[in-house]
Structure formats: structure tokens, C-alpha cells
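Take a look at the structure set out below.
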2 protein chains.
Amino acid sequence: MTHSSARRRDVTVADVAKAALVSKAQAARALGGYGAVSEDVRERVLAAAESLSYRPNELARTMNTGKSHTIGVVVGDIENPHFGLAMRGISDRAKASGFDVILINTGEDIRAETDAVRVLLDKRVDGLIVAPVSSPEKGHLERVCASGRPLVLFDRKVDGLDVDVVATDMTEVSRKSTAELIHAGHERIAFISTLKSQEPFWNGMDVSSTPIAERLKGMSLAFHDAGHSFPSDLVRLNAGNSDSVVGITQDLLRGPAPATAIVASDGLVALGVVEGIQTMGLSIPQDVSFLMYDDLAWTRLTNPPLSVISQPVYDMGAAAAAALIQRIQRPGVKSEIPEFTATLINRGSIGAVRGAASCYSLSESP
Amino acid sequence: MTHSSARRRDVTVADVAKAALVSKAQAARALGGYGAVSEDVRERVLAAAESLSYRPNELARTMNTGKSHTIGVVVGDIENPHFGLAMRGISDRAKASGFDVILINTGEDIRAETDAVRVLLDKRVDGLIVAPVSSPEKGHLERVCASGRPLVLFDRKVDGLDVDVVATDMTEVSRKSTAELIHAGHERIAFISTLKSQEPFWNGMDVSSTPIAERLKGMSLAFHDAGHSFPSDLVRLNAGNSDSVVGITQDLLRGPAPATAIVASDGLVALGVVEGIQTMGLSIPQDVSFLMYDDLAWTRLTNPPLSVISQPVYDMGAAAAAALIQRIQRPGVKSEIPEFTATLINRGSIGAVRGAASCYSLSESP
DNA sequence: GTGAAAGCGCTAACAA
DNA sequence: TTGTTAGCGCTTTCAC
């Protein structure tokens with residue numbers, strides 16, 4: 001049993017120095033790989049370290065240097081594969097540059113997000129990537145900037161915060177997708193999002209979350225292009241768990257002027273929408289057309305497979321990490337962030353409106 | 001602009017002490033909430049801290065106390081909702097006890113897992129929860145124990161490592177589910193797992209991953225119960241990405257003695273299996289029956305909805321955190337870990353074997 | 001090249 | 001109740 005004494009003190013540079021018969025400073029230099037050390041001393045020190053199985057105390061190191069070689073990531077919902085994939089992009093890119101990545105999940109709660117940012121700053125991460133929950137509060141993010149450590153926002157930008165943002169512009173793809181739906185005869189196109197909002201949506205309302213605002217703007221533009229008016233009564237915010245989405249879906253599909261197509265703003269909403277449609281005994285796309293954001297693996301398994309708007313999430317994660325590391329290594333230098341574009345993948349859940357002339361055929365995806 | 005000078009030194013206890021006209025020690029006591037401080041001094045110190053917007057340096061604090069009030073979590077694949085849900089259970093429980101949680105994702109790579117453990121130990125987390133990738137290597141986990149910090153394993157146990165394990169015993173539910181399949185006339189039941197293995201599976205082989213071993217043992221027992229022999233030629237390990245699973249599935253369904261039922265050992269494998277079945281133009285459950293582990297949200301959206309084996313993942317996460325925190329707070333005291341049981345949720349992907357007498361009807365789930 | 005000594009920001013033992 | 005003093009383990013002057 002080599003580890004019988006759990007309460008043993010960690011071995012320190014001093015121990016190594018003693019064993020190698022050199023000064024603490026020399027041992028530290030050899031171990032840390034800085035300063036000037038003779039070959040002879042270096043070897044003795046490394047050998048001693050090896051045999052004592054010395055491990056540097058990163059905390060002490062960080063305290064002195066101020067650098068931790070760690071980047072912190074804060075996301076709202078790690079159960080959403082969207083963030084899982086982004087996380088992989090971030091990790092891969094960071095690892096390639098010798099940075100460790102630690103993540104904190106907030107459950108889409110602004111208080112938890114504030115805590116998470118505080119914890120990571122306290123742990124002296126070298127920089128942060130935050131996928132901020134949509135909320136007017138931004139004090140915690142301003143505090144990051146004030147601390148002097150770089151911040152990169154993921155997915156949404158925050159008004160009045162001059163930091164790098166990695167996101168896909170959704171306006172164009174939304175416009176194009178909506179045009180596709182309109183082309184198929186739809187005018188009653190609904191949009192469901194979990195975005196929290198005090199008031200119901202109205203046309204021209206200032207939507208605080210950039211990606212949602214862009215999706216809505218794209219829809220609005222497409223309706224304008226087609227000479228129709230945007231059915232803003234079919235925009236539903238504040239969708240919560242899956243059950244509430246099911247309810248909203250059923251509500252949208254009932255009544256005198258039901259929706260003929262539904263757009264889900266993310267994978268979680270999509271689950272509820274499809275379930276809602278199914279429980280009403282309706283078929284996609286015969287009775288109602290369906291479109292969702294994010295190309296999740298399961299969307300190919302339903303019947304019909306679902307049409308989705310796909311974003312290069314992995315690449316976005318990698319780009320976020322790259323931009324952050326750039327900022328860390330060359331403070332003050334503006335980092336170049338690539339443009340990302342989302343594309344419509346039209347699988348089979350968009351169909352002609354029920355009862356309309358059935359001249360609709362899919363236009364090819366680019 | 002309040003944060004114009006990004007390069008300003010952080011404000012320390014010394015600064016606060018000076019402002020409050022007390023000694024550094026008194027300021028530290030007041031701020032840290034330990035020792036004895038008069039009401040007068042406490043107020044002056046807190047006021048000074050407030051006005052200087054003092055933030056304690058957690059690193060320095062951790063260096064002295066050895067405690068970080070942080071627990072580290074290491075998982076293989078955060079894209080798998082299984083771990084996302086577990087993570088929420090862990091976070092919720094930890095937060096309730098005042099612990100922060102940081103996570104590192106390893107991509108099912110043993111080297112990354114080793115690194116992750118090292119990083120977290122270096123950051124001086126108070127304890128670790130690890131969902132270990134199945135691998136013979138366990139040096140990194142032994143190092144955790146040697147460091148004196150508690151470790152809780154999630155999902156799988158590791159041979160020769162005497163630590164708390166939070167897992168669901170899969171033997172019984174596997175046996176029962178397999179019996180269900182056999183009852184429906186199936187004898188050619190396949191099992192696909194991503195578990196890495198040097199050699200193909202053979203009956204009686206020592207499978208290193210507990211949950212997979214249990215699944216297989218349950219199957220074997222059920223076949224034994226029914227007086228049939230276990231078709232070990234239909235057990236496929238080393239499944240990789242989705243494409244490879246599709247290939248394995250197609251292989252299993254071809255040939256002179258094809259599988260009539262397929263069991264997927266996790267959600268990722270399941271995606272490939274269903275896709276494989278669909279691309280062959282076969283129907284579930286008419287042509288082939290299907291069963292998978294983990295009750296993921298999308299399993300209700302396929303046609304038919306998929307039969308699954310459900311584990312209380314959130315509760316398991318919470319229990320892991322509870323056990324770990326117990327160990328942190330009362331070292332040496334053995335923590336009581338509840339038993340978890342998985343249940344078969346028979347939705348609609350298990351049917352009678354093609355061509356057999358169609359007397360099969362679902363037996364009710366408990 | 002080398003070593004002694006002064007920090008980093010905090011806690012904790014010891015006196016007063 | 002207070003203040004003084006020593007650390008925690010490392011990096012980093014600054015002399016030699």
C-alpha cells in the first residue's frame with residue numbers, strides 16, 4: 001500500500017530541492033522551466049522530482065503568475081445537445097493550445113449564471129465563454145470585463161457589452177425558410193420559443209435575445225417580401241417545459257384560424273411540438289408543416305424525417321475558444337471571428353397547405 | 001467608465017483593513033466570518049469592504065484551508081443527455097449544500113480522463129465524481145484516493161477500487177426485458193454496445209464494464225431460464241460512431257440466421273440502430289423488435305414509440321453528490337447509498353417474431 | 001548559474 | 001477582543 005497515509009503533506013519544491021541538493025530557487029526554475037539552470041542541476045532536480053513523485057501546486061503557481069491556463073465556460077442547459085456539441089468544439093480547440101476547460105451549467109437561471117461567473121472568476125480562469133441566458137441583467141458580465149479577463153459570448157450578444165461574439169446570423173436563413181413555407185401555401189406560420197418575456201409578442205416588439213429576434217425578423221421580412229402580413233398572433237414566447245409546449249401547440253392548432261405550420265426555436269421545444277401534433281392525431285406534413293432549429297440526430301428518425309435549420313455548432317465552439325485564447329495571449333489585439341451561416345435542410349416535414357392546390361414541390365436545398 | 005483601468009491590482013484584506021483602521025487579522029476575521037470580532041469592528045470592516053468592492057481571493061483561501069467548496073465532475077460524453085440529466089442532479093444537490101460544481105468532458109478518451117482528473121485535483125476540488133470510461137487503466141483514480149480526497153464513481157464501478165459507487169443494477173431489468181422478448185418468440189436477440197474490447201464477445205468473457213456486464217448477464221440468465229442458449233454471436237462490442245452502428249445493424253439483420261430483435265446499450269447506439277433498420281426498409285416491430293437503454297425524450301416521437309429501459313438518472317446524480325459531500329464533511333464515515341432500480345417501459349417497439357404464432361401481447365409494465 | 005529573501009492574499013497560532 | 005507573526009507553495013527580484 002503506497003498510499004496508506006492519506007494525510008501526508010504534499011511534496012513541494014523545497015523537498016525536491018533538498019533531495020537534489022540545490023536551492024529552492026534552482027529547483028523551482030528547473031521544474032517550472034524558466035530562468036537559467038545548468039544541465040547538471042536540471043537533471044538532478046528532475047530525477048528527484050520523479051522519485052518523490054512531485055506534482056506542482058497549480059494554485060500556488062496561479063497565485064503568483066495570475067495565469068491558470070484554464071478557460072471557463074458557462075452554458076444554460078447542458079442537456080441540450082446544441083451546447084454539448086459546442087463544448088466539444090471548445091474543448092478540442094483549447095486542448096490544442098494547452099488550455100484546460102471547466103464548465104458550469106446554470107439551468108437557464110440568471111442567478112445561477114451570476115454565481116457561475118463569480119466562481120470561475122474566483123478560480124482565476126484566464127478567460128470566459130458564456131452562452132448567456134436572455135435577461136436584462138448584465139452586471140456579472142460587466143464584472144468579467146472589469147476584471148480584465150477576456151470574455152466571449154456564445155450564441156447571443158448582449159446589448160451595451162463590447163466583447164467578441166460568436167453566433168450565426170439567423171435572419172437570412174429564417175427569411176429563406178419562411179419563404180419556403182409561404183411558397184408551399186402557408187400563411188398561418190407559428191413560432192414557439194422558450195424566451196422569457198413579460199408581455200405577449202407584438203409586431204415590432206424589442207426582443208432581447210438576438211437569435212430569437214433574428215428568427216422573427218427573418219420571418220417578418222419573408223412575409224413582407226410575399227406581400228402578406230406577419231401573423232404575430234402565432235408567435236408564442238415563454239414556452240417552458242415539454243408539457244407547456246404541448247399545450248401551446250394544441251392551442252395553436254385549434255380555433256377558427258389555426259396555424260398550418262409551426263417553427264420550433266430549439267430542440268427542446270421541438271420535442272413538445274411534435275408530441276403535441278401527434279397527440280392530436282394530426283400528421284406531418286399533411287395536416288401541419290414543421291420546421292425546427294438545430295440538426296439533432298433524432299430528427300432523422302421520425303416519420304417523416306424533420307426539416308431543420310442547421311448551424312455549425314462545433315465550429316462555432318472552436319471559434320469561440322480560438323478567439324478567447326487569442327485575446328488571452330495578445331491582450332488588446334482584436335480577434336478575427338469568422339462568419340457562420342445556417343442552412344435549411346429540408347427533409348420532409350414541410351408540405352403543401354392542406355386543401356391548397358398541390359403544386360408544391362421542395363425546392364432544392366443549396 | 002468605472003472599469004477603465006483593467007490592470008488594477010485586486011483589493012485585498014490589507015486594503016480593507018487599512019480603510020477600516022484595524023489590523024489585517026481583524027479584517028480577515030470579519031470578512032471570513034471566523035474568530036472573534038467585536039460588533040463595532042465587524043461593521044467598519046464590512047462597510048470598508050463594500051465600498052472598496054472587495055472580493056476574497058478564493059485561491060489564497062483554498063491554499064490555506066485546503067478546502068475549495070467545489071466538487072469536480074468528470075464525464076465521458078456530455079452530448080449524451082444521460083449525463084446532462086445526471087449533471088443537473090449533481091448540481092442541484094451540491095448547490096443546496098453550498099458547493100460549486102465544475103465539470104470536465106473527456107470524449108470517452110482515457111487520456112483525457114486522466115488529464116481531467118489531474119486538472120481537478122490540481123485545482124484542489126474537495127472531491128470528485130467520475131463516470132469512468134471503461135478501461136483497464138485506473139492509476140488516475142487511485143491517485144485521487146491517494147490524495148485523500150473522496151471519489152464517487154458514477155454508472156460503473158472499477159475493480160479493485162474501494163470507493164462509493166452510484167449505479168443501477170442492470171441484471172434484473174435486463175433479465176426481465178429479455179424474458180419479455182423471448183416470450184414474444186425471439187431467440188435471435190442482438191446486443192450492441194460501444195464498449196471497447198480487444199476480442200469479440202464470447203459467452204463467459206470477462207467484460208470490464210459493470211453496466212454492460214450486467215446487461216449481458218441478465219440476457220444470459222433469461223435465456224437460461226427459458227431453456228434456450230444465449231446467442232453470443234449476436235453481441236457486438238466496439239461500436240463507434242453512428243455510421244459504424246448502422247453497419248453493424250445491417251450486418252446483424254442479414255445472413256441465414258439474422259437477429260429478430262436488437263437491444264441498444266445507450267442512446268447513441270440507438271440512433272444508429274434505428275437508422276440502420278429504416279435504411280433497410282424494415283419496420284419496427286413487424287420486421288424487427290427494438291429495445292434501448294435510457295428513456296430519452298425523442299424515443300416517444302418515432303413511429304412506433306420505442307420501448308426503453310429507464311433509469312432514475314437525475315436521482316442518481318443527486319445521490320452521488322450527496323454521498324460525496326457526506327464523505328467530504330465527515331471523512332471516514334461510510335455513506336449510505338440508496339439502491340436504484342431500472343424499469344422496462346414497453347412502448348411499442350417490441351413485437352412478436354415475424355412468422356411466429358401471433359399470440360404475443362404486451363405484458364403490463366409494473 | 002546560483003542562492004537568499006521578498007512577495008502573492010489569505011488563515012491560523014500565539015501573545016497581549 | 002485584538003494585533004503580531006508565521007506560514008501555505010510557488011515565482012521572482014536582486015545580489016553574488
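Hydrogens, waters and symmetry mates are skipped; everything else that's a heavy atom, side chains included, is used. Below, chain A is the first sequence line, B the second, and so on; all start at residue 1.
- In terms of the salt bridge (charged side-chain N to carboxylate O under 4.0 Å, His left out) criterion, residue partners of A:Arg44 (sequence neighbours excluded) are, by chain and number, A:Asp40.
- By the salt bridge (charged side-chain N to carboxylate O under 4.0 Å, His left out) test, B:Asp122 pairs with A:Arg55, B:Arg118, sequence neighbours left out.
- Remark: B:Glu108 pairs with no residue by the salt bridge (charged side-chain N to carboxylate O under 4.0 Å, His left out) rule, at least two apart or across chains.
- For A:Asp159, the salt bridge (charged side-chain N to carboxylate O under 4.0 Å, His left out) test picks out no residue, with sequence neighbours left out.
- Every residue two or more places apart in sequence or in another chain was checked for a side-chain hydrogen bond (donor to acceptor under 3.5 Å, both in side chains) with B:Ser38, and none qualifies.
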Only distances under 3.5 Å count here; give the side-chain donor-acceptor pairs of residues 85-95 of chain B to other protein atoms, sequence neighbours excluded, each with its distance to 0.1 Å.
unit_1, atom_1, unit_2, atom_2, d
B:Arg88, NH1, A:Glu79, OE2, 2.6
B:Ser91, OG, B:Met87, O, 3.0
B:Asp92, OD2, B:Tyr314, OH, 2.5
B:Arg93, NH1, B:Ser97, OG, 2.8

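- The side-chain hydrogen bond (donor to acceptor under 3.5 Å, both in side chains) search around A:Lys24 returns none, not counting sequence neighbours.
- Of all the residues in residues 23-41 of chain A, A:Lys24, A:Ala25, A:Ala28, A:Arg29, A:Tyr34 reach under 4.0 Å from DNA chain D with at least one non-hydrogen atom.
- Across the protein-nucleic acid pair, B:Met63 atom CE and C:dG7 atom P stand 17 Å apart, rounded to whole Å.
- By the side-chain hydrogen bond (donor to acceptor under 3.5 Å, both in side chains) test, B:His140 is found to be paired with B:Glu113, residues two or more places apart in sequence or in another chain being considered.
- Comparing the axis of the opening five pairs of the helix from C:dG1-D:dC16 to C:dA16-D:dT1 with that of the closing five pairs yields an angle of 40°, rounded to 10°.
- Running 5' to 3' along DNA chain D, contacts with non-hydrogen atoms of chain A at under 4.0 Å begin and end at D:dG9 to D:dT13.
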Please set out all donor-acceptor pairs under 3.5 angstrom arising from side-chain atoms of residues 315-330 of chain A, sequence neighbours excluded.
unit_1, atom_1, unit_2, atom_2, d
A:Arg327, NE, A:Asp164, OD2, 2.8
A:Arg327, NH2, A:Asp164, OD1, 2.9
A:Arg327, NH2, A:Asp164, OD2, 3.4

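- When every heavy atom of A:Thr210 is checked against every heavy atom of A:Lys157, the shortest pair comes out as OG1-N, 2.9 Å.
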